[in-house]
There are 2 protein chains.
Amino acid sequence: MTANKIAPLNTADGQALYKKAQKLIPGGTQLLSKRPEMFAPGVWPPYYNKAKGAEVIDLDGNKLIDMSICGVGATVLGYADADVDRAVKTAIDAGSMATLNCYEEVDLADLLVEVHPWADMARFSRSGGEAMAIAVRIARARTDRQVIAFCGYHGWHDWYLSANLADDGTLDGHLLPGLKPRGVPQELKGMMQPFHYNDAKSLKKIATKHHEKLAAIVMEPARNAPAPGFLSAVRQIADETGAVLIFDEITAGFRLATGGIHLTLGIEPDIAVFAKALGNGYPVSAIIGRERVMSTAQDTFISSTAWTERIGPTAAIATIRKHRKEGVPDHLVRIGKRVMSGWAKAAKGAGIEIEVSGIPPLAQFAFKAPSTDNVRTLFTQLMLDRGYLAKNTFYAMYAHTDAHIDGYNAACAETFEIIASALRSNKVEGLLRGPGAHRSFQRLT
Amino acid sequence: MTANKIAPLNTADGQALYKKAQKLIPGGTQLLSKRPEMFAPGVWPPYYNKAKGAEVIDLDGNKLIDMSICGVGATVLGYADADVDRAVKTAIDAGSMATLNCYEEVDLADLLVEVHPWADMARFSRSGGEAMAIAVRIARARTDRQVIAFCGYHGWHDWYLSANLADDGTLDGHLLPGLKPRGVPQELKGMMQPFHYNDAKSLKKIATKHHEKLAAIVMEPARNAPAPGFLSAVRQIADETGAVLIFDEITAGFRLATGGIHLTLGIEPDIAVFAKALGNGYPVSAIIGRERVMSTAQDTFISSTAWTERIGPTAAIATIRKHRKEGVPDHLVRIGKRVMSGWAKAAKGAGIEIEVSGIPPLAQFAFKAPSTDNVRTLFTQLMLDRGYLAKNTFYAMYAHTDAHIDGYNAACAETFEIIASALRSNKVEGLLRGPGAHRSFQRLT
């Protein structure tokens, strides 16, 4: 079977609206990772009409199975989950906002502390980036220090992007390519000290140099497997320096456990931050932590009207309860493993080399080929034509079924054959209907 | 009629849950202005079960008419507005989050630009504070400068709270009492230059001193009436210095106009920021502006997953359309004027002195009496016992009817009589069932 036997996906209405959007919205979207250019420029459907389970209907009426980043990791249960949506609609009928507080925020704090026995208190906000900014504010207030040791990506706020300020303005952005710090005050330069995941020595070096100034260590506990002893070394450095250990669980949380991935790793932070999967796509984020750290939130000013509405905590409670009751992590791991082995098998069958990485619920592969951007764009284009939203990253949802994976794996096998043939005949670029995909920013790993 | 003829409101269940909340949530709530201590400690109902129109049922089952801050200004149409909620539920059924973008964000950008003809582009977020931080980032990126001239309150973020950093740490907070800057990097000190509303000279002084460094002028266009020529002087200073003029419309927007209050004032900013009323209580915020400024958002990194969900723009579109169709500002002004004259009449009748201020949809009064904190607490307590959520601030909603105002004005007349009598006999404190209310932070006006 070859590519031209299957009709190219028509996304004309979506492309037209995206052209309009680029005039009205700088950058076209609210999130870098949702730009169609990140997938297949001019080909990827920019907008959806309807999403249910793992199925998406785009603006042109195409029905597609989402085997890509699945709500950027937010919809861990699946799109329009019936149980979460029912709870939210009940909350809407009861009035989602009032002058008085919603009691659901107390219930959610209670539930998060129950799920994470090391934690005592919680604050809530509505997006991941602002939750990380709150965590950092609390850590700095708690310690009266300002330097942050970090690895990984943690959002758009000044505290984080200042890592990309350079002595020479022309070098701005060199540390985390793609994250432009323009507009971040130069005065914040030097406060962010990067270390590498699984390299305790690089953190130790920062701790030694900035001992008396180190406010926090900020990191994702795991995106791949931690090396033996790495996380306990991090915990020890935090204890020795008095720095607040902040685990960013925004992406990894609710994948391998109901709650933070750190629950599976035997290491307890001082603060953990959740967003994305916490509300199954409804905006809500949480900062949980030990009482001695969290109570400092009262000694600074952290306050916002939008954080008081009822839908966020309602959605989070419903998501956590279903997640726990249904044993969602087991399902995500099983589905993720099937996808990972499907990639490996398809690659082997087609005789092309790929490298598979990540944890099963957040899996990815990389083509080992010349001009990989074009190759992965071709993969996305071929999969779109076969009815799948796909790229070289797959976020598992509870709504993914074995039937989805069967079909997806078969389609992967087919497209990998076409890619292998195109690579052999040097026709990858020729098969593309648009330019190659843009690269996302690079994570500091 | 005296106070003891009416049964005291029983809020025992609410108080018990709030005690629990204070152990689980530092500060007890997500917003300073929603702390029961801000109204009547131990007496004010901390939580609600149901809110519809202008009516709230608290956790103890008390039915109360909200004549206070009404969702902190977010629910401009009223609680659980049928039209907005219908649109939101339809969006939920269509899937509120997906890998693809929601087309509603383009529609909302289009609508906001239509309503504000000077603006060309929009970005969206989910809370007011983060929207202001985005606006400031864009202004700093646009100008490659960092100093901000400001008046008024603009949220919890580092850029703003840094105004409260002092050379002497013990003086931290002196500029805006109640807004503690602990945890905000000292390096940001001096970037925030305060000026006074209706005092163009104080702004001019900053502009002269920091001319080459002035990134933005940040202010609410009006909370009271601007002095003749003040806003055009501000506009001129922005033009002369090249600073970006940012209007914070988070509170004043959608009160006197469908859109920013600046639409009624004849002055156009470079950026305007909306939250609160924009989504009638659903979390959504918007940064709109001129193309030459907003396009700079692409030269820095401003991106968050939660900003891409569908409910925010859906609620905003439904709110704006209803707001415009129903001529909501006229209603808010009429209701607000009736409340303001009700206060004045009640005070005159009781022989006590008050000072009424604000615009009619955002009205307030101050008792001119000794220990005013206790007096306004007594007012709140007496009004609670009469079935009203009330303090010395009133935010009008479209759901407020003349019948509400008739009842409220009568209750005010009654309580003002009791207060007058208590003042004469020096029994204000003796009548309180709890401590006096806390003061909110002071706005720099």
Side-chain angles (χ1 to χ4, degrees), chain A residues 21 24-27 29-32 34 47-48 50-51 56 66 68-69 71-72 74-75 79-80 85 92 94-101 103 106 109 121 124 126-127 129-130 137 140-141 146 156 179-180 182-183 185 187 281 283 294-295 297-308, chain B residues 21 24-27 29-32 34 47-48 50-51 56 66 68-69 71-72 74-75 79-80 85 92 94-101 103 106 109 121 124 126-127 129-130 137 140-141 146 156 179-180 182-183 185 187 281 283 294-295 297-308:
Chain A
L24 284 165
I25 298 170
T29 69
Q30 313 305 320
L31 180 78
L32 189 69
K34 279 198 175 182
Y47 299 99
Y48 77 109
K50 200 168 157 59
V56 173
D66 196 344
S68 66
I69 56 174
V72 203
T75 44
Y79 296 135
D85 289 359
I92 289 172
S96 67
M97 172 61 99
T99 297
L100 310 185
N101 299 283
Y103 59 83
V106 191
M121 304 185 98
F124 304 113
R126 289 297 175 274
S127 62
E130 80 181 344
R137 167 74 67 75
R140 282 175 165 162
Q146 300 177 349
W156 70 274
L179 297 182
K180 301 179 203 166
R182 205 169 150 196
E187 284 73 2
M294 290 297 289
S295 59
Q298 292 194 73
D299 300 330
T300 179
F301 182 74
I302 305 170
S303 184
S304 195
T305 297
W307 302 343
T308 67
Chain B
L24 283 165
I25 298 169
T29 69
Q30 313 306 319
L31 180 79
L32 190 70
K34 280 198 175 182
Y47 299 98
Y48 77 109
K50 201 169 155 59
V56 173
D66 197 345
S68 65
I69 55 174
V72 203
T75 43
Y79 296 135
D85 289 359
I92 289 173
S96 67
M97 171 61 97
T99 298
L100 310 185
N101 299 283
Y103 59 83
V106 190
M121 304 185 99
F124 305 113
R126 289 297 175 274
S127 63
E130 78 179 349
R137 167 75 68 75
R140 282 175 166 164
Q146 301 177 349
W156 70 274
L179 297 182
K180 302 179 202 166
R182 207 170 148 196
E187 283 75 1
M294 291 296 288
S295 60
Q298 293 194 72
D299 300 330
T300 178
F301 181 73
I302 304 169
S303 183
S304 195
T305 297
W307 301 344
T308 66

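These values consider heavy atoms only, across backbone and side chains, with no hydrogens, waters or symmetry-generated copies. So that the names make sense, note that chain A is the first sequence line, chain B the second, and so on, each numbered from 1.
Taking CZ of A:Phe301 as the start and CG of B:Leu179 as the end, the distance is 5.0 Å to the nearest 0.5 Å. Atoms CG and OG1, on A:Asn101 and B:Thr29 in that order, are 5.5 Å from each other to the nearest 0.5 Å. The line from CZ of A:Phe124 to CD of B:Gln30 is 6.0 Å long, rounded to the nearest 0.5 Å.
The residue among B:Met97, B:Lys50, B:Glu187 with the most heavy atom pairs within less than 4.5 Å of chain A is B:Met97. No other option in B:Ala80, B:Ser295, B:Pro283, B:Ala109 has as many heavy-atom pairs under 4.5 Å with chain A as B:Pro283. If you tally non-hydrogen atom pairs under 4.5 Å between each of A:Ala98, A:Gly95, A:Gly281 and chain B, the highest count goes to A:Ala98. Counting heavy-atom pairs closer than 4.5 Å to chain A, the top residue among B:Ile69, B:Val72, B:Ile25 is B:Ile25.
For the salt bridge (Lys or Arg N to Asp or Glu O under 4.0 Å) test, residues two or more places apart in sequence or in another chain that qualify with A:Arg137 are B:Asp158.
Under the 3.5 Å distance criterion, with hydrogens and angles disregarded, a donor-acceptor pair is assigned to the side chains of A:Lys34 and B:Thr308.
Remark: the backbone N or O of A:Ser304 is not paired with any side-chain donor or acceptor of B:Ser127 at under 3.5 angstrom. Side-chain atoms of A:Arg182 come within 3.5 Å of backbone atoms of B:Ala141 as a donor-acceptor pair (strictly under, hydrogens ignored). A:Ser303 places a side-chain N or O within 3.5 Å of a backbone atom of B:Leu32 that can act as its donor or acceptor partner. Here the side chain of B:Tyr48 pairs no donor or acceptor atom with the backbone of A:Ala94 at under 3.5 angstrom. With B:Thr99 contributing its side chain and A:Gly71 its backbone, the two residues share a donor-acceptor pair below 3.5 Å.
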*Begin from the C-alpha positions of B:Ile92 and A:Ile92 and carry the test side chain to side chain contact (heavy atoms under 4.5 Å, CB included) through to its verdict.*
CA-CA 11 Å; B:Ile92 289 173; A:Ile92 289 172; 3.7 Å; yes

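Across A:Ile302 and B:Trp156, no two heavy atoms sit closer than the pair CA-CB, 3.9 Å. The shortest heavy-atom contact between B:Met121 and A:Pro26 is CE-N, 3.6 Å. Here the shortest heavy-atom pairing between B:Gln298 and A:Lys180 reads O-NZ, 3.3 Å. Nearest heavy atoms, B:Arg126 versus A:Ala306: O-CB, 3.3 Å.
The part of B:Ala74 that comes within reach of chain A is its side chain, from C-beta onward, which places non-hydrogen atoms under 4.5 angstrom from that chain. Residue B:Glu130 touches chain A through both its backbone and its side chain, counting heavy-atom pairs closer than 4.5 Å. With a 4.5 angstrom heavy-atom cutoff, B:Asp299 touches chain A via backbone and side-chain atoms both.
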